[in-house]
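Encoded as structure tokens, the structure appears first; notes follow it.
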There are 4 protein chains.
Amino acid sequence: MNESSQTSSKAGPRAPRRDRGHARVEVLLSAAAQVFADKGYEAATTTEIAAAAQSSIGSLYQFFPTKQAVALALIRQQSADLGARLAAMAEASAGWDVDEVARRLAGALVDFRASHPSFARLIDTPGAPEAVVLDVRRGMRLQLAAILAPHAPALGRARLMAVAAVVQQVMKSAVALNDDPAADNPSAARAALAELREMLRVYLGAALA
Amino acid sequence: MNESSQTSSKAGPRAPRRDRGHARVEVLLSAAAQVFADKGYEAATTTEIAAAAQSSIGSLYQFFPTKQAVALALIRQQSADLGARLAAMAEASAGWDVDEVARRLAGALVDFRASHPSFARLIDTPGAPEAVVLDVRRGMRLQLAAILAPHAPALGRARLMAVAAVVQQVMKSAVALNDDPAADNPSAARAALAELREMLRVYLGAALA
Amino acid sequence: MNESSQTSSKAGPRAPRRDRGHARVEVLLSAAAQVFADKGYEAATTTEIAAAAQSSIGSLYQFFPTKQAVALALIRQQSADLGARLAAMAEASAGWDVDEVARRLAGALVDFRASHPSFARLIDTPGAPEAVVLDVRRGMRLQLAAILAPHAPALGRARLMAVAAVVQQVMKSAVALNDDPAADNPSAARAALAELREMLRVYLGAALA
Amino acid sequence: MNESSQTSSKAGPRAPRRDRGHARVEVLLSAAAQVFADKGYEAATTTEIAAAAQSSIGSLYQFFPTKQAVALALIRQQSADLGARLAAMAEASAGWDVDEVARRLAGALVDFRASHPSFARLIDTPGAPEAVVLDVRRGMRLQLAAILAPHAPALGRARLMAVAAVVQQVMKSAVALNDDPAADNPSAARAALAELREMLRVYLGAALA
DNA sequence: CATGAATGAGTTTTCATTCAT
DNA sequence: AATGAATGAAAACTCATTCAT
């Protein structure tokens, strides 16, 4: 899926020649996901990542030239995963009505961010290389647009992309509401999330009409 | 609420007792705002803040016991400012219809975040002390609720707070769209913002009805 | 008593012209005694000393040119006090037998160190200027010798000074035993002190015979 | 007792896993001994210790998490050494009379402190963690008691510990007399030391009788 | 004299990255 | 490849001392 594009990339992991190395890379990346999710990009240390992967600092640098490269590989991996989910949804969404699209989108993206907690941290935080982050964001918007397009044949390209951008932001908000224990009580958090879903439904209903 | 009790606070600035001290604190805080806005909390250095304020590092630590205290003081100062703006809006909003409320809210908050670029960085970033950040967020939600309440007399308290939480997230999204040069071109950014405003209008229209 | 010698000293407090200044110096010195006793010379800060004296650093430096000068003045003051006590004892000791001399010496010196806790810290610690410390120690030995001499007319000068040096060390030990909560229980500390007194008694009995 | 569990200790050195690491730790510790002996705990700097060990500051912190940990490791190392000497003496002392015990004890402990000049500085100074220091002192008293016990079968446990505590203080005094160039001349220092030895002899003769 | 702000060299500690084994 | 030691620039923070008011 991505073995050819990754190898040619400047900052990606060096191509491991053997399965052992490949496995090590995977372990390192999931350790990195843990640590980045817990502490954020800046506060995470390469030593801690290596330790969490039961590996040594030397090993980590065998596969990743810099700390940034680790974050980058992680972003690429996770955004590929996200891309696959959105692609699947694009195929399935043909028969849905707008309400269902709204509901499914909300569900899918909240799920994704919940199961990839480092994703938000890395993508909304300084430290990760701008260019890649922007690419990922644009890619996601394009996929959202692809999902929305069939339900709004009348919308121009520009307007469609604007809608996609708004939907993307709503997704981010969902995660924020989920994480923030600031709501006076857990039920308040749930209520806010329901409210957000409602906003998306109403809005898409109006925008795609 | 807390503008008078700063001295007794654990991590607040040491109260200056001379005019020169007050002036220095102001200069330091605006330098800090610059630097935090540019680099984020972690990457900002106290040395750089002091230099930007044309003072020595010793002077900074004369008034702020830690780097975190600087961020804190900044958050408090700026959230007091935001609070004042929302309070003013609450008074003026009596005669507005829902559409106008949506428009004004969007305008005010986007303006605020645009003129206080460090605010978002500090409040959405680890490093700032959780308790204060949560307080600020809750305070803002309460003020939003106060603005919305008169236009939705039928809404229960819980529902109202959920709506306020959603509006708060929309505001954050507006800033993100504003900052993110990811949109393919400047006009796309403007379109997305307009779209966001539209979402708010439609949503508030439905929710407050 | 000491107003003329102190003024001429290079590092002593500047002669205060007024009573107000004089009082301030006293307060500063007793604050310094507190702080030095608590933290030792190095860890004590001039700011803390000034604060403990309800004064400002500026004021402290009005009277003492350096931190070392504060310690010095304190040592001088306290050793003058000690000197007075020993002088008094020298006069009174004519009629005592050796046992009584031992008992009184032990009592007097333990008392003194207990009521001047900073003395030991400053005199046994680096930081205080060597020359003064050595002077103080020598002075104390001379006074001890003066007390002991009448009870050991046969002893040569050199031997007498050696005995005085040993007695001085025993005094220091008494303080150490007093302070050290290492003894398994308080009664053990008392037992050790009694033992020390016994050692002094036996030893002086033998040495002065 | 504690020679095997260093790794699990909270503030101990990180265990080196390579020969090079072990060697480096040794070098660092002896450099630290030098510097601590010269300047005392507070005035010694980690930078200077690293330089004296011809390593980088980073290497020091690779093995010791804090400056205090360096002092701690040194105390532990040296007190283990001292413990071994005392243990050896305990075995050999069976056939000695009290005079010989006094002489040998004095000799051994003065020797030890003379060859480990940092020991006294660290153990009598604030900065070293209290708990460890107290442990070391208690251990030493126990060993002294073990040496003295056979020569005073009639002494109760409590009395024996008190005697041991006194002997310990005498040892400290010996070092102080040794170090202190305050005596009017070198021969005076020697005389005082001889006098101290005499005190110990007389005292132990009386106490153990 | 009193006060508290200003200064900056110096201290401990961290951490990404490189190297030797 | 794997490991862990080596490195040193850089960061946060301290504190004796000087200065302006």
Side-chain angles (χ1 to χ4, degrees), chain A residues 14 16-18 20-21 24 42-51 55-68 70, chain B residues 14-25 42-50 54-70, chain C residues 14 16-18 20-21 24 42-51 55-70, chain D residues 14-25 42-50 54-68 70:
Chain A
R14 279 165 204 143
R17 298 275 156 70
R18 301 192 182 280
R20 199 163 36 131
R24 180 66 56 107
E42 300 272 3
T45 73
T46 52
T47 305
E48 190 181 359
I49 291 172
S55 185
S56 67
I57 238 306
S59 256
L60 188 154
Y61 277 89
Q62 202 93 44
F63 296 111
F64 302 96
T66 63
K67 178 184 176 182
Q68 208 181 227
V70 177
Chain B
R14 249 163 239 138
R17 304 210 174 152
R18 288 260 215 277
D19 280 357
R20 202 173 15 145
H22 279 105
R24 180 63 52 113
V25 166
E42 301 272 3
T45 73
T46 51
T47 307
E48 189 179 0
I49 292 172
Q54 318 239 60
S55 33
S56 65
I57 184 64
S59 273
L60 187 155
Y61 280 93
Q62 182 106 48
F63 297 109
F64 302 96
T66 62
K67 177 182 174 184
Q68 203 181 236
V70 178
Chain C
R14 279 164 205 143
R17 297 276 156 69
R18 299 190 185 281
R20 199 162 38 129
R24 179 66 55 108
E42 299 273 3
T45 72
T46 50
T47 306
E48 192 182 358
I49 291 172
S55 185
S56 65
I57 332 151
S59 256
L60 189 155
Y61 277 89
Q62 203 92 42
F63 296 111
F64 302 96
T66 63
K67 178 184 176 182
Q68 208 181 227
V70 178
Chain D
R14 250 163 239 139
R17 304 209 174 153
R18 288 258 213 279
D19 279 356
R20 204 174 13 147
H22 278 105
R24 180 62 54 114
V25 165
E42 301 272 3
T45 73
T46 51
T47 307
E48 189 179 1
I49 292 173
Q54 318 240 60
S55 32
S56 67
I57 184 65
S59 273
L60 188 155
Y61 280 93
Q62 182 104 45
F63 296 110
F64 302 97
T66 62
K67 177 183 173 183
Q68 203 181 235
V70 178

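Below, all heavy atoms of this structure are taken into account, side chains as well, without hydrogens, waters or symmetry copies. Nothing here was measured: the structure is a model prediction, and the numbers come from that model.
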- [ ] Find the runs of at least 3 consecutive base pairs, i with j, i+1 with j-1 and so on, that include DNA chain F, using Watson-Crick or G-U wobble geometry with both distances under 3.5 Å.
- [x]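 Correct response: E:2-21 with F:2-21.
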Item to complete: Please name the pair of heavy atoms, one in B/Thr46 and one in B/Tyr61, separated by the smallest distance, quoted to 0.1 Å.
Response: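 B/Thr46 and B/Tyr61 have their closest heavy atoms at CG2-OH, 3.3 Å.
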Requested in this report: Mind listing the closest non-hydrogen atom pair of B/Pro16 and B/Gly21 along with its distance?
Outcome: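 Looking at all heavy atoms of both residues, the closest pair is CB-C, 3.5 Å.
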Nearest 0.5 Å please: distance from the [atom1] atom of [X] over to the [atom2] atom of [Y].
{"X": "C/Ser59", "Y": "C/Phe64", "atom1": "OG", "atom2": "CZ", "result": "11.0 Å"}
{"X": "C/Thr45", "Y": "C/Ile57", "atom1": "OG1", "atom2": "CD1", "result": "9.0 Å"}
{"X": "C/Thr47", "Y": "C/Lys67", "atom1": "OG1", "atom2": "NZ", "result": "10.0 Å"}

Residues two or more places apart in sequence or in another chain: which of them pass side-chain hydrogen bond (donor to acceptor under 3.5 Å, both in side chains) with C/Ser55?
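By the side-chain hydrogen bond (donor to acceptor under 3.5 Å, both in side chains) rule, C/Ser55 matches C/Arg24.
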Please confirm whether the backbone N or O of D/Gln62 pairs with a side-chain atom of D/Arg14, one donor and one acceptor, at under 3.5 Å?
->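 At least one qualifying donor-acceptor pair exists.
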* OP1 or OP2 of E/dT7 sitting under 4.0 Å from any side-chain N/O of B/Ser59? ->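 The answer is yes; a side-chain N or O of B/Ser59 sits under 4.0 Å from OP1 or OP2.
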- Message: Measuring to OP1 and OP2 of F/dA1, would you say a side-chain N or O of A/Arg24 lies under 4.0 angstrom away?
- Response: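 Result: no.
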Protein-proximity profile, nucleotides 12-21 of chain E, B/S/- by nucleotide at the 4.0 Å heavy-atom cutoff, equals BBBSSBB---
Discussion item. Less than 4.5 Å apart, side chain to side chain, heavy atoms only: is that true for A/Leu60 and A/Ile49?
Written reply: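 They are in contact (side-chain heavy atoms under 4.5 Å apart), so the answer is yes.
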request  = Between C/Ser55 and B/Ser55, name the one whose nearest nucleotide on DNA chain E is closer to the 5' end.
outcome  =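 Of the two residues, C/Ser55 wins.
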To the nearest angstrom, how far is [X] atom [atom1] from [N] atom [atom2]?
{"X": "D/Phe64", "N": "F/dA5", "atom1": "CZ", "atom2": "P", "value": "12 Å"}
{"X": "D/Gln54", "N": "F/dT7", "atom1": "CD", "atom2": "P", "value": "11 Å"}
{"X": "B/Leu60", "N": "F/dT14", "atom1": "CG", "atom2": "P", "value": "12 Å"}
{"X": "C/Gln62", "N": "F/dA16", "atom1": "CD", "atom2": "P", "value": "18 Å"}

